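Working notes, beginning with the structure itself.
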Amino acid sequence: MYKIVYYGDKRLVSDNKDVQEIDDGIRKIVKKMIKTMFKRNGIGLAAPQVGINKRIVVIDTSFGEDRDHILVLINPQITQTGQETVVMEEGCLSFPELYIPVERARSISVKAVSLTGESLQFEATDYFARVIQHEVDHVNGVLMIDRVSPEKRIEVSGELAEIKKMAETV
Ligand code: ZN
């Protein structure tokens, strides 16, 4: 299992490299990421959250119901976003115990490569679209806190400082 990287760690905001070849090394990382996601009760995890600066995302598409529906997205991209947006509270394994309202597109188009190397192209809506947007943000070095108003950021600044302290001690 991997250790989760917390807000304040620069690996969360670093550049993430495209995966060039899906080899044993990548498959091992993915397997370990899935394990870590379940262990920490997450429904999505991006590689930079475990300190690996590569464009890899895993999502539990049952959203916590079971462990049989895993979506692995290599080099994911959001190619289109719908006009309609939804505000909903979000959490993140890199921000323990912080839940903040984030505005996101209700529907998106996604392009990625599967773990077996196939090109994927699909549409996602509602919660599924939200989870993908959150994780693709991670591989772009963007965090949920970057998506909220300056007022909200000030409101949670105490919590953010606490998380940063944790990042320094682990
Ligand atoms: Zn996150």
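The shown structure was predicted, so the numbers you read here are calculated from the model rather than taken from an experiment. Every number for a ligand or one of its atoms is a count from 1 in the order of the listing.
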Original post:
Under the side chain to side chain contact (heavy atoms under 4.5 Å, CB included) criterion, do Ile56 and Glu135 qualify, and how do the steps go?
Top reply: CA-CA 9 Å; Ile56 305 172; Glu135 300 309 331; over 6 Å; no
Original post:
What protein atoms of element N, O or S are positioned under 2.8 Å from the Zn ion (ligand 1)?
Top reply: Cys92 SG, His134 NE2, His138 NE2
**OP:** Would you mind checking if Glu90 and Arg147 are paired as a salt bridge, meaning a charged N to carboxylate O distance below 4.0 Å?
**Re:** no
Original post:
With sequence neighbours left out, which residue pairs that include part of residues 22-36 fulfil the side chain to side chain donor-acceptor pair (under 3.5 Å) condition?
Top reply: Asp24-Arg27
**OP:** Return the minimal non-hydrogen interatomic distance between His134 and Cys92, and the atom names on each side.
**Re:** NE2-SG, 3.6 Å
Subject >> Of Asn75, Asn140, Asn16, the residue whose pairing with Arg55 passes side-chain hydrogen bond (donor to acceptor under 3.5 Å, both in side chains) >> reply: Asn140
**OP:** Would you please indicate if the ring centroids of Phe95 and Tyr6 are separated by under 6.0 Å?
**Re:** no
